[in-house]
Amino acid sequence: MKKIIIILCILTSVLSINDIFKEKEIGNKSIRFRVIARSNSKKDQEDKIRVKNILKKELSKDLLKSKSYNETKNILKVNNEKYNSLVKKELNNNNYKISLGKNYFPSKELNNNYYNKGYYESLVVKIGKGKGKNFWCALYPPLCFAKKKEEKDIEYHFALKDLIKRILN
């Protein structure tokens with residue numbers, strides 16, 4: 001019984017610490033990037049992916065040397081017209097809207113991390129009415145550009161949390 005109580009106390013502490021780190025990972029001093037598809041049709045999702053890829057490539061070049069929230073924000077502002085031109089060329093129409101500034105993001109769980117809903121500094125491309133699935137990531141901290149091993153998604157682990165999982169299993 002004593003062992004179970006100790007494990008529960010450790011687990012509670014780890015989960016609390018995990019929440020603290022998550023907020024630091026992508027909290028209020030973050031800048032997000034989001035592309036929202038017109039709909040969930042195959043063509044609209046392909047358009048979203050093409051826009052995401054072309055902008056992500058350009059953003060990675062522009063933000064490569066950025067070391068702060070304010071520097072990233074300024075680079076986005078200075079290059080906003082360039083991003084607008086790239087999207088217009090890629091979609092071959094004007095049926096989209098680029099918004100740089102505070103934009104609403106719904107809550108989301110991704111790779112065992114929970115991201116709160118709210119208004120976040122961001123670069124958002126909404127194609128058409130924006131009723132389809134979306135892509136998003138963080139430009140600062142630069143989680144969009146993290147290297148992936150093979151084709152697997154990146155997952156962040158906390159050693160103590162993983163140890164407790166192994167003990168309990």
Side-chain angles (χ1 to χ4, degrees), residues 8-56 58-60 63 66 68-77 80 83-84 87 95-149 151-165 168-169:
L8 288 174
C9 288
I10 292 171
L11 184 60
T12 303
S13 298
V14 168
L15 293 175
S16 297
I17 289 170
N18 193 19
D19 288 340
I20 291 167
F21 281 114
K22 278 190 253 182
E23 187 59 31
K24 284 183 180 178
E25 180 181 299
I26 182 165
N28 291 332
K29 280 293 186 181
S30 68
I31 301 174
R32 298 178 181 198
F33 168 49
R34 185 177 187 199
V35 181
I36 310 167
R38 184 178 301 106
S39 74
N40 288 329
S41 75
K42 184 177 178 183
K43 184 196 179 315
D44 289 347
Q45 287 298 310
E46 288 169 353
D47 286 348
K48 173 194 76 179
I49 290 168
R50 284 195 342 269
V51 168
K52 173 204 66 147
N53 289 341
I54 196 80
L55 283 178
K56 196 171 169 186
E58 199 63 31
L59 288 163
S60 67
L63 300 174
S66 178
S68 72
Y69 170 86
N70 287 330
E71 189 176 352
T72 300
K73 192 173 168 180
N74 188 51
I75 290 168
L76 292 174
K77 235 181 251 184
N80 193 39
Y83 306 141
N84 191 37
V87 173
N95 194 12
Y96 67 91
K97 179 184 176 191
I98 291 185
S99 177
L100 181 61
K102 294 276 186 180
N103 293 289
Y104 180 77
F105 281 73
S107 59
K108 179 149 181 112
E109 188 171 343
L110 180 66
N111 292 336
N112 296 320
N113 290 315
Y114 183 79
Y115 302 100
N116 291 324
K117 67 181 177 182
Y119 287 86
Y120 294 91
E121 194 67 40
S122 53
L123 173 65
V124 174
V125 180
K126 182 173 146 183
I127 304 171
K129 293 191 184 223
K131 299 290 184 186
K133 292 181 182 176
N134 72 98
F135 163 84
W136 79 270
C137 65
L139 296 173
Y140 187 84
L143 300 177
C144 278
F145 312 119
K147 299 281 186 207
K148 291 184 181 180
K149 293 182 181 179
E151 289 296 311
K152 297 178 183 173
D153 287 336
I154 296 171
E155 287 189 38
Y156 297 93
H157 292 278
F158 295 94
L160 188 55
K161 184 177 173 183
D162 291 343
L163 177 64
I164 292 171
K165 280 184 181 178
L168 294 176
N169 289 335

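In this structure, OG on Ser122 lies 9.5 Å from CG on Leu76, to the nearest 0.5 angstrom. We find the CG-CG distance between Asn80 and Leu100 to be 5.0 Å, quoted to the nearest 0.5 Å. Here the straight-line distance linking atom CG of Asn103 with atom OH of Tyr120 works out to 12.5 Å at 0.5 Å rounding. Rounding to the nearest 0.5 Å gives a distance of 6.0 Å between CG of Leu123 and CD1 of Ile98. Ser30 contributes atom OG, which lies 7.5 Å from atom OH of Tyr69 (distance to the nearest 0.5 angstrom). Atoms CG and CD, on Asn74 and Glu71 in that order, are 8.0 Å from each other to the nearest 0.5 Å.
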query: Should Ile75 and Leu59 be marked as a side-chain contact (heavy atoms from CB on, under 4.5 Å) after you check the CA-CA gap, both sets of side-chain angles, and the distance that decides it?
result: CA-CA 9 Å; Ile75 290 168; Leu59 288 163; over 6 Å; no

field: Derivation of the side-chain contact (heavy atoms from CB on, under 4.5 Å) call for Phe145 and Lys56
entry: CA-CA 8 Å; Phe145 312 119; Lys56 196 171 169 186; 4.1 Å; yes

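Side-chain atoms of Ile127 and Asp44, non-hydrogen and from C-beta on, never get closer than 4.5 Å to each other.
Residues passing the side chain to side chain donor-acceptor pair (under 3.5 Å) test with Asn134 are Arg34, sequence neighbours excluded. Under the side chain to side chain donor-acceptor pair (under 3.5 Å) criterion, Gln45 pairs with Asn40, Lys48, not counting sequence neighbours.
A distance-only check finds a donor-acceptor pair linking the side chain of Tyr96 to the backbone of Asn84 [under 3.5 Å]. Although no hydrogens or angles enter the test, the distance criterion places no donor-acceptor pair under 3.5 Å between the side chain of Ser41 and the main chain of Ser39.
Evaluation of the salt bridge (Lys or Arg N to Asp or Glu O under 4.0 Å) test over residues 106-133, restricted to residues two or more places apart or in two chains, returns Lys73-Glu121.
Partner of Phe33 under the side-chain contact (heavy atoms from CB on, under 4.5 Å) criterion, out of Phe135, Trp136, Tyr83: Phe135 alone.
Between Tyr114 and Asn116, the shortest heavy-atom contact is CE2-OD1, 3.1 Å.
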